[in-house]
Protein chains: 2
Amino acid sequence: MNGPFLTKLEYSGHTDAADRAAIASIVAHHRVVAARQDLSAEPGRSTVLVLLQGVMCRYRVMDGRSRRIASFVLPGDLCRLPEAPPKTSDWNIGALSRCAVGEIPIEALTALARERPNINRILWWMTLNELARAREWLVTGTMPAPQRTAHLFCELHACLQAAGLAEGGAFRLEIGQAALADAVGLSTVHLNRTLRILREAGLACLSRGRVEIPDLAQLRAFATFDGAYLGLNGPVARTGGALHLGT
Amino acid sequence: MNGPFLTKLEYSGHTDAADRAAIASIVAHHRVVAARQDLSAEPGRSTVLVLLQGVMCRYRVMDGRSRRIASFVLPGDLCRLPEAPPKTSDWNIGALSRCAVGEIPIEALTALARERPNINRILWWMTLNELARAREWLVTGTMPAPQRTAHLFCELHACLQAAGLAEGGAFRLEIGQAALADAVGLSTVHLNRTLRILREAGLACLSRGRVEIPDLAQLRAFATFDGAYLGLNGPVARTGGALHLGT
DNA sequence: CGCACTTTTGACCAGGGTCAAGGCAGGTGG
DNA sequence: CCACCTGCCTTGACCCTGGTCAAAAGTGCG
């Protein structure tokens, strides 16, 4: 059940088996979130969420109509970490598909972070990961639509791969084109055309909730994608190092 | 000399005078960086830098020609924090104007973070700050050019204000229009036209390294700027709280 | 079977990129 | 003191990517 989460922790290269067992033991209250449902409005929340299945997104509604997706939350990602007061962010988190999440009591997590340096390190790693992803999107924002979309597919593939959810060059992505458009910053119409371009070029094909990438290397070259920013080391144990700050 | 840094720490609302004195004491080796010079290429670096004067930027060169600026480094900001291995980022840091920086030995910083919870909190705060800024830029990226530029001015003003470097609605910004364009994601030509629009609308005026904002409230309304994401509390002591993670 | 949502396509328009040529400094050397 | 040069700002003309409006074709579900 915690599969994707643990697999991702393994990929991060900052945990050993004991760390993963420890963190798995504090994941409680698995529950299901329906597609299209918002998580953010729950007040007095004292739990961190781990996404285990499905896709969620962090978004903001702009002029009352258009929505901008700042990041996806993929299986293995944490969200709703406690914020530093006063609230520094007004992002909504919404489920784009039917999702399964685990809840982690904050006190348990902080306690674990205090007693296990690797867990602390993982929290830093995840945060820096988000930062790196956000900045990468800033860069891709200036690329033409097909490249940008391709780049997103590459990123999704890499992240899902690290969570053990890719089947070769293919992965499930149960998302409407509208959501994809909001993430890439295109209109639905133009995203659709862009998808057609990618499909006809044989680079990638999204259909019925599934992305198929015939030739990953080719797509990556097309999108000038270099996954180093994701900090995924492969499932290799790797410890040591100090504070592990970034930037 | 450490003025902007300490003022900003004060604004962050997570430090008391003792924290600031402690951190000030480990800032060593003040030095000057010429405009246009890159910092990133220094190997074996074991120091964190605090920017004290001037403006730097975190950028990447895209197709060999065009540069994208992912964030500005303003007085009071840290940069070149140690990275988690393997290197997760390939960003360059360059001085856009003549800069003064302080160097902080990493070991001293990590030691301080270990013994003073507030310092640890500040490191989190700064990182989350960067994250919030990056995401905000993602959102502004979809706004039309004048609003986007105005939004950037508002952000710069708020950050510089927190470092004690704003004089009312005006602040120094010794940056070429090309740099600004790369940050906002516009061409130099179009940025220039956009600046003219803002100037003629009486919203903001950039000239000879100085931005003047006649009516801050008006500019903010125009850009739909809400500075909450910067997490600046004003110079009020505020402690407590636990891990202070965000997202 | 009908309803509602999503995907697809067409036609038209505009924000912003690109190319290219002038202004307008400040710095240097005669 | 002036000619010159280099770099930056400014403006014009033209084009193209991608937005908007609108309608048709799937697709899933009660």
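Computed from heavy atoms alone, side chains included, the values below leave out hydrogens, waters and symmetry copies. Keep in mind that what you see is a predicted model, and the values were worked out from it rather than measured. Below, chain A is the first sequence line, B the second, and so on; all start at residue 1.
- For the helix from dC1(C)-dG30(D) to dA21(C)-dT10(D), the axis fitted to the five pairs at one end and the axis fitted to the five pairs at the other end meet at an angle of 40° (nearest 10 degrees).
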Assess the residue pair E167(B) and R210(B) against the criterion (salt bridge (charged side-chain N to carboxylate O under 4.0 Å, His left out)); give the C-alpha distance rounded to whole Å, side-chain angles, the decisive distance to 0.1 Å, and a yes or no.
CA-CA 11 Å; E167(B) 304 141 14; R210(B) 190 178 176 74; 2.6 Å; yes

Can you list, pair by pair, the side-chain donor-acceptor contacts under 3.5 Å of residues 70-78 of chain A, counting residues two or more places apart and other chains?
unit_1, atom_1, unit_2, atom_2, d
S71(A), OG, R58(A), NH1, 2.7
D77(A), OD1, K8(A), NZ, 2.3
D77(A), OD2, L74(A), N, 2.9
D77(A), OD2, R133(A), NH2, 3.3

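- Comparing dG19(D), dT9(C), dT11(D) against the side chain of V189(A) picks out dT9(C) as the nearest.
- OP1 or OP2 of dT11(D) has at least one side-chain nitrogen or oxygen of R196(B) nearer than 4.0 Å.
- Contacts between residues 200-209 of chain A and DNA chain D, counted as heavy-atom distances below 4.0 Å, involve no residue at all.
- Checking dG16(C), dG19(D), dT18(C) against the side-chain heavy atoms of S187(B) singles out dT18(C) as nearest.
- In terms of position on DNA chain D, the residue among I175(B) and H190(A) whose nearest nucleotide sits closer to the 5' end is I175(B).
- Among the heavy atoms of the strands lying under 4.0 Å from R36(B) are primed sugar atoms or P, OP1, OP2 only; no base atom is included.
- Of all the heavy atoms in V184(A) and R68(A), the pair that sits closest is C-NH2, 4.0 Å.
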Show your reasoning for whether side-chain hydrogen bond (donor to acceptor under 3.5 Å, both in side chains) applies to Y11(A) and Q161(A).
CA-CA 9 Å; Y11(A) 256 82; Q161(A) 164 111 303; 5.0 Å; no

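- Side-chain nitrogen and oxygen atoms of Q177(B) include at least one within less than 4.0 Å of the OP1 or OP2 phosphate oxygen of dT10(D).
- Exactly one residue among D182(A), T194(A), L191(A) makes a side chain to side chain contact (heavy atoms under 4.5 Å, CB included) with Q177(A). That residue is L191(A).
- Of the candidate nucleotides dG19(D), dT7(C), dT11(D), dT7(C) has the atom nearest to the side chain of N192(A).
- Base contact: R193(B) has a heavy atom under 4.0 Å from a base atom.
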